[in-house]
Colleague: 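Please see the structure below; I have some questions.
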Amino acid sequence: MKYDFTSVEAKWQKKWDELKLYAAENGSEKPKFFGLIEFPYPSGEGLHVGHPRPYTAMDIVTRKRRKQGYNTLFPIGFDSFGLPTENYAIKNKIHPATVTKNNIKTFTSQLKMLGYGFDWDRVIDTSDPDYYKWTQWIFIKMFERGLAYKSKMPVNWCTSCKCVLANEEVVNGVCERCGSEVVRREKSQWMLKITEYAERLLDDLDGVEFVERGRLQTKNWIGRSYGAEVDFATTEGGALRVFTTRPDTLFGATYMVISPEHAILGEWADRLSNLGEVRGYQAAAARKSDFERTELAKEKTGVRLGGVAAVNPVTGGEIPIFISDYVLATYGTGAIMAVPGHDTRDWEFAKKFDLPIVEVVAGGDVAKEAFTDCDTGVMVNSGFLNGLPVADAKTKITEWLAARGLGTSKVNFKLRDWVFSRQRYWGEPIPIVRCERCGYVPVPESELPLRLPDVENYETTDEGESPLAAMTEWIDTTCPKCGAPAKRETDTMPNWAGSNWYFLRYTDPKNDRAFASREALEYWTPVDWYNGGMEHTTLHFLYSRFCHKFLYDIGAVPTAEPYGKRTSHGFILAEDGQKMSKSRGNVVNPNETVAEFGADTLRLYVMFIGDFEKDAPWSATAVKGCKRFLDRVWNLAETRLGGGEAYSAANEKAVHRAIKKVSGDIEEMKFNTAIATLMSLVNDFTAAPPNRGDVKALLTLLSPFAPHIADELWEIQGFDGICSAAPWPGYDEAKTLDSEREIAVQVGGKLKTTVKVPAGSDDETVKAAALADPKIAALAAGRELARVIVVRNKLINLILK
RNA sequence: GCGGCUAUGGCGGAACUGGCAGACGCGCCGGAUUUAGGUUCCGGUCCGAAAGGGUGCAGGUUCGAUUCCUGUUAGCCGCACCA
C-alpha cells in the first residue's frame with residue numbers, strides 16, 4: 001500500500017492533541033529541559049519556509065529530550081505588536097487586534113500542520129492585555145529604579161514610518177523595516193538605561209555557551225575601551241574634559257576638537273569672535289543624519305573657535321579648539337584632544353587646517369602619515385615620559401594627572417541607552433501619567449493592564465505624535481499621587497518590550513498575580529537552549545539579557561543570565577541563491593510542500609538541506625529525495641514483521657552505530673549527517689532485511705525528525721505505546737566496532753593499497769600483513785625499509801630508501 | 001578602513017583531536033518493470049586509457065595536510081570617524 005501521508009499526519013496530530021503528549025508539567029520531580037525558539041511575528045503572509053528550519057531543529061532536540069526522560073518545555077507564542085500589522089490595519093480599515101487574531105489563527109494551523117511538539121496550553125500573545133500587563137509592570141519597576149527616564153535628545157526618525165527608531169533599527173542610514181530615509185530629530189523620548197548594565201552584559205557572556213561570532217559581535221557592539229578622562233584648562237576659565245585611550249600621547253596633543261552639539265558652545269556664545277560661522281556649522285551638522293555625517297565626511301570639515309583656546313596640561317602651551325562633526329556628541333565627553341602624530345583622523349584634520357604634528361612615539365614617520373600602530377614604541381618629545389615604553393607611559397601619565405586632579409582613568413562604552421518610545425498605536429501603552437505638580441508618575445499596579453483604547457485612526461500625526469495623542473478622553477486623567485488633573489503618556493513601547501521577557505511567561509503563562517510564580521521560575525529557568533537568528537544578536541538577545549538582569553537585581557527571577565546556551569541557524573535562500581522575498585517572487589510556501597509531500601518530508605528536508613548554521617538554497621528536486629527515503633521506510637515496515645525485538649545479527653552493528661551517530665549529531669545540531677546516517681541504515685536494511693527489533697530502533701531514531709510516519713509504523717508493528725513517547729535507545733560501544741580492520745597502506749605517505757587485520761593488531765602484525773601484500777612487496781623489493789609508522793587500527797606508512 | 005567567517009565533484013554537502021577525500025542526497029548515465037511518461041527497483045558516476053593527479057591560489061611544517069603555519073585571491077557577515 002502506498003504511504004498516505006495526508007491521512008497519517010492528520011491522524012497523529014489529532015492523537016497528540018488528545019493525549020496532550022507535549023504538555024510540560026510544572027512541579028514535576030523529573031529533571032527539566034527548556035528548549036526555546038524565537039517566537040514568530042504573526043504577519044499576514046503566514047508562515048514562511050524559513051520558519052521551519054529553527055523550529056524543526058528545536059523540535060528534534062526536545063523530542064529527543066522527552067524520550068530521554070526529561071520534563072520538557074517547548075513553548076510557542078506570538079510577538080504580535082508591531083508596525084506591519086498596524087499598517088495593514090490602516091490600509092484595510094480593520095482593527096489591528098482583529099488582524100492579529102486572524103494571523104495567529106493562520107500561524108497556529110500551519111504550525112500544527114508541521115507536527116511540532118509545542119505545549120499548546122502555554123501559548124502567549126504579547127498584545128493580549130493579560131500578557132502586556134506584565135510588560136508594563138516591568139517598565140514601571142525600571143522607572144522606579146531610575147532605569148527608565150525621559151530625555152530630550154536627537155533621535156533617528158524614519159520619514160516613512162513617522163516613528164523613532166533605536167540605533168539598532170537603522171541600517172546604512174535607512175529604516176531596517178521599510179527602507180526609507182532616516183533623519184535626525186529632537187524629541188523627548190523614554191529611554192532605558194541599558195548602559196548601566198554594559199559591563200555585566202559583557203562579562204557575564206563568558207558563562208553563556210554561545211558561538212564565537214555572536215560573542216564577538218556583542219563585544220564590539222558594547223565596545224568597552226579603557227582610557228582616561230583629562231581636563232584641559234581654557235582661556236575662559238572653565239575646563240574642557242576629554243576622553244582618550246592614549247593619555248600617554250598627551251604631549252602630542254596640539255589642538256582640541258569638540259562636537260557641534262557640545263554644551264560649552266552655549267556658554268561661550270558671547271565670547272566667540274566668529275559666532276556666526278560656528279552657528280552655521282552647527283546648523284549644517286544638525287541637518288545631516290548620522291549616516292550622512294559619517295558617509296560624507298571623507299574630507300574633514302570644521303571651524304576653529306575664535307577668541308578662545310585651551311591649555312595642554314603637560315606642555316602648558318596654548319592650543320586651538322575646533323568644532324567638527326567627526327567628533328560624536330554621544331561618545332565619551334563629546335570632546336577630544338587631537339594627537340595628529342598618532343591618530344589618522346586627527347592627522348587628516350591637522351593637514352587640512354595646517355596644524356602642528358608632533359611625534360611622541362618613535363618608530364613612524366609622522367610627516368607622511370599618522371603612526372598609529374605604536375603600542376610597543378618608546379616615548380619621545382614627551383618631557384618626563386621620554387624613553388618609557390608606551391604601556392609604562394600610560395600608567396605614569398595617569399598617575400601624574402590624578403595627583404594634580406587633572407584626570408582619572410576611565411572605562412567607556414559604545415553602547416548607548418535604548419530609545420524606548422514609539423509614536424505608534426499598536427504597542428503597549430507606556431503606563432505613565434504626567435502631572436504638573438508631581439512630574440512623571442507611574443500608573444498604580446492595581447490599574448494594570450493599562451489597555452489600549454479604541455481609536456478611529458491609527459495614523460501618526462504629522463507632528464509625529466502617537467495616534468493616541470488625539471484621544472483627549474483617554475489622555476485626560478488624574479494624578480495617581482495627588483489627584484490633580486494629569487495627562488497620560490501617549491507613546492507606546494517598541495516591539496522588543498514584549499519579547500524581552502516572553503520566555504519567562506511560558507513557565508507559568510496563566511498566572512494573574514505575577515508574570516510567573518517563583519516556583520515555576522526556579523524550576524524552569526534558565527532556558528537550557530535558545531536557538532534564534534544571528535541578526536538578533538545585538539537586538540533582541542542583548543535587550544532581553546539586560547531586562548533579565550534587571551529582574552534578577554530586583555529579586556524577580558532566580559538567575560543572572562536568562563539563557564544557558566544560544567545557537568543560531570542559517571537562512572534558507574531561494575533556489576536562485578538569493579534571499580526569499582515577496583518582491584522577488586521566489587518565496588516557497590510551506591503549505592504547498594506539505595500538500596505535495598507531507599510534513600515529515602518538509603521537516604526532513606529543511607534539516608537535511610545543509611549545515612544548520614549556514615545559509616542554504618532551497619531545492620525542489622532535493623525535497624523529493626527525502627520523500628523517497630520516507631517511502632522506502634514505509635515499504636520496509638508497512639506490514640508487521642517477524643522476529644523478536646532483539647536486533648538481527650546482520651544489522652546489529654549498523655543499528656548500534658546509527659544510534660551512536662544520531663544521538664551525538666542531534667546534540668551538535670548536525671542534523672544533516674544524522675539524517676544521512678538514517679538513510680544509510682535504511683540502505684543496510686535493504687541489503688539485509690531487518691527484523692522487528694531493527695525496525696523499532698530505526699523508528700525511534702527517526703521519530704524526532706519525522707514523527708508522524710514513525711508513530712504510524714510503530715502502531716503497525718504493534719510495539720508498546722506510541723513511538724513519540726518511546727524511550728531513546730542506548731548503544732553498546734563494543735558492538736559498533738569491527739572485529740577486522742581495513743588498514744590503509746601508504747608508501748612514502750602515498751596510499752597504495754589496503755590490508756585487513758584483526759582489530760587491535762600490534763605494529764609488527766600490521767607490518768607483516770602490509771609487506772605480504774604483493775603490490776607492496778613489489779615496491780619494497782630491493783629497497784631498504786627506513787622507517788615504519790603505524791596508527792593503530794587505521795594505517796601503516798612505510799618509508800623506503 | 002577595522003574585526004570575523006567561508007572556499008571540497010555538475011549541485012547541496014560529508015571527512016573524529018593531522019591518518020583511505022567526496023559519506024548521504026540531488027542531478028546525470030545505463031539496465032529492469034511500464035504501451036509511453038511518471039513512479040519503483042538494480043548498477044554506475046572527482047579527473048585520467050593508465051601511471052598518476054586532485055580540497056580557491058603560492059609557499060612552509062610533517063612519515064603523512066581538506067585539517068596546522070605564512071602569504072595571497074574571491075565571496076559573505078558584523079562594525080564603521082567610538083578618540
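Computed from a predicted structure; not experimentally measured. Labels below follow one simple rule: chain letters A, B, ... track the order of the sequence lines, proteins then strands, and each chain is numbered from 1.
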Colleague: Expressed in whole Å, how much space separates the C1' atoms belonging to B:rC57 and B:rG37?
Modeller: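 Those two atoms are separated by 48 Å.
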Colleague: Between B:rA51 and B:rC24, how far apart are the two C1' atoms, rounded to whole Å?
Modeller: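 Those two atoms are separated by 32 Å.
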Colleague: State plainly whether the residues A:Glu212 and A:Arg215 are in salt-bridge range, i.e. N to O under 4.0 Å.
Modeller: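 The answer is yes: the pair qualifies as a salt bridge.
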Colleague: When you compare B:rC26 with B:rG44, how far apart are their C1' atoms, in angstrom units rounded to a whole number?
Modeller: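 It works out to 16 Å between them.
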Colleague: With sugar-phosphate meaning primed atoms plus P, OP1 and OP2, does A:Leu216 contact a base, only sugar-phosphate, or nothing at under 4.0 Å between heavy atoms?
Modeller: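 It contacts sugar-phosphate atoms only.
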Colleague: Quick one: which of B:rG64, B:rA83, B:rC79 gets closest to the side chain of A:Asn797?
Modeller: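 Among the listed nucleotides, the one closest to the side chain of A:Asn797 is B:rG64.
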Colleague: Roughly how far apart, to the nearest Å, are B:rG60 and B:rU66 at atom P?
Modeller: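 Here B:rG60 and B:rU66 have their P atoms 15 Å from each other.
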Colleague: Let's see if you can work this out: which of B:rG25, B:rA83, B:rG4 has an atom nearest to the side-chain heavy atoms of A:Arg213?
Modeller: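 For the A:Arg213 side chain, the nearest candidate turns out to be B:rG4.
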Colleague: Could you tell me which residues satisfy side chain to side chain donor-acceptor pair (under 3.5 Å) with A:Lys627, sequence neighbours excluded, listed by chain and number?
Modeller: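 So A:Lys627 forms a side chain to side chain donor-acceptor pair (under 3.5 Å) with A:Asp631.
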Colleague: Would you indicate which nucleotide in B:rG4, B:rA80, B:rC20 comes nearest to any side-chain atom of A:Leu751?
Modeller: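 From the listed options, B:rC20 comes nearest.
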Colleague: If you measure from the P atom in B:rC28 to the same atom in B:rG22, how many Å do you get, rounded?
Modeller: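 Taking atom P in both B:rC28 and B:rG22, they lie 24 Å apart.
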Colleague: Each nucleotide N or O in nucleotides 41-51 of chain B that has a protein N or O under 3.5 Å away: list the pair and distance.
Modeller:
none

Colleague: From the list B:rC24, B:rC63, B:rG3, which nucleotide is the closest neighbour of the side chain of A:Ser680?
Modeller: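 Nearest to the side-chain atoms of A:Ser680, counting from C-beta on, is B:rC24.
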Colleague: With a 4.0 Å cut-off, would you call A:Lys351 and A:Glu299 a salt bridge?
Modeller: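 A salt bridge is absent here (no side-chain N lies under 4.0 Å from a carboxylate O).
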Colleague: Counting any heavy atom closer than 4.0 Å, what does A:Lys752 reach on the DNA or RNA strands: base, sugar-phosphate only, or nothing?
Modeller: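 Sugar-phosphate contact only - A:Lys752 comes under 4.0 Å of backbone atoms but never of a base.
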Colleague: Assign A:Lys410 to base, sugar-phosphate, or nothing according to its heavy-atom contacts below 4.0 angstrom with the strands shown.
Modeller: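 Touches nothing.
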Colleague: Between B:rC24, B:rC77, B:rA83, which nucleotide gets closest to the side-chain atoms of A:Tyr331?
Modeller: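 For the A:Tyr331 side chain, the nearest candidate turns out to be B:rA83.
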Colleague: Let's see if you can work this out: which of B:rG13, B:rG19, B:rA80 has an atom nearest to the side-chain heavy atoms of A:Ala616?
Modeller: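 Looking only at heavy atoms from C-beta outward on A:Ala616, the closest nucleotide is B:rG13.
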Colleague: With a non-hydrogen cut-off below 4.0 angstrom, is A:Asn412 in contact with a base, only sugar-phosphate, or nothing?
Modeller: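 Nothing: the residue A:Asn412, judged by heavy atoms under 4.0 Å, touches no strand.
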Colleague: Which residue, A:Gly625 or A:Asp611, contacts RNA chain B at a nucleotide closer to its 5' end, judged by nearest heavy atom?
Modeller: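 The residue closer to the strand's 5' end, by nearest nucleotide, is A:Asp611.
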Colleague: Closer than 4.0 angstrom, basic N to acidic O: yes or no for A:Asp738 and A:Arg657?
Modeller: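 Looking at A:Arg657 together with A:Asp738, the answer is yes, because their closest N to O distance falls below 4.0 Å.
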Colleague: Expressed as a whole number of Å, how far does the C1' atom of B:rC20 sit from that of B:rA15?
Modeller: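 11 Å, rounded to whole Å.
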Colleague: Specify the separation, in whole Å, of atom CE of A:Met679 and atom C1' of B:rC26.
Modeller: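 Answer to the nearest Å: 10 Å.
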Colleague: Find which nucleotide of RNA chain B each of A:Ala335 and A:Met534 is nearest to by heavy atoms, and output the residue with the more 5' nucleotide.
Modeller: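 Per heavy-atom nearest nucleotide, the more 5' residue is A:Met534.
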Colleague: Of the candidate nucleotides B:rC20, B:rA83, B:rG78, which contains the atom at the shortest distance from the side chain of A:Gln217?
Modeller: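 Nucleotide nearest to A:Gln217's side chain: B:rG78.
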Colleague: Tell me the stems RNA chain B sits in, counting at least three consecutive Watson-Crick or G-U wobble pairs, each under 3.5 Å on both distances.
Modeller: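 Stems (3+ consecutive pairs) listed as B:1-7 with B:73-79, B:10-12 with B:24-26, B:27-32 with B:40-45, B:56-60 with B:68-72.
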Colleague: Take atom P in B:rG43 and the same atom in B:rU35, then report the distance between them in whole Å.
Modeller: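 After rounding to an integer number of Å, I get 24 Å for this pair.
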Colleague: Answer yes or no: side-chain N or O of A:Glu212 and base N or O of B:rG4 forming a donor-acceptor pair under 3.5 Å.
Modeller: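 A donor-acceptor contact between them is absent.
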Colleague: What contact category does A:Ile789 fall into here, base, sugar-phosphate, or nothing, at under 4.0 angstrom with non-hydrogen atoms?
Modeller: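 It contacts base atoms.
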Colleague: Can you tell which of B:rG12, B:rC79, B:rC20 lies closest to the side chain of A:Lys414?
Modeller: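 When the side chain of A:Lys414 is considered, B:rC79 is the closest of B:rG12, B:rC79, B:rC20.
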Colleague: For A:Ser225, report the nucleic acid contact type (base, sugar-phosphate, nothing); a contact means any heavy atom under 4.0 Å.
Modeller: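 A:Ser225: backbone/sugar contact only, no base atoms under 4.0 Å.
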Colleague: B:rG12, B:rA14, B:rC26: which one has an atom nearest the side-chain heavy atoms of A:Ala622?
Modeller: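 The answer is B:rC26.
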Colleague: Nearest to the side chain of A:Lys614, heavy atoms from C-beta on, is which of B:rC26, B:rC24, B:rU6?
Modeller: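 Minimum distance to the A:Lys614 side chain belongs to B:rU6.
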Colleague: Name the nucleic acid region contacted by A:Asp346, choosing base, sugar-phosphate or nothing; use a 4.0 angstrom heavy-atom cut-off, strictly under.
Modeller: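 A:Asp346: no heavy atom of the nucleic acid under 4.0 Å.
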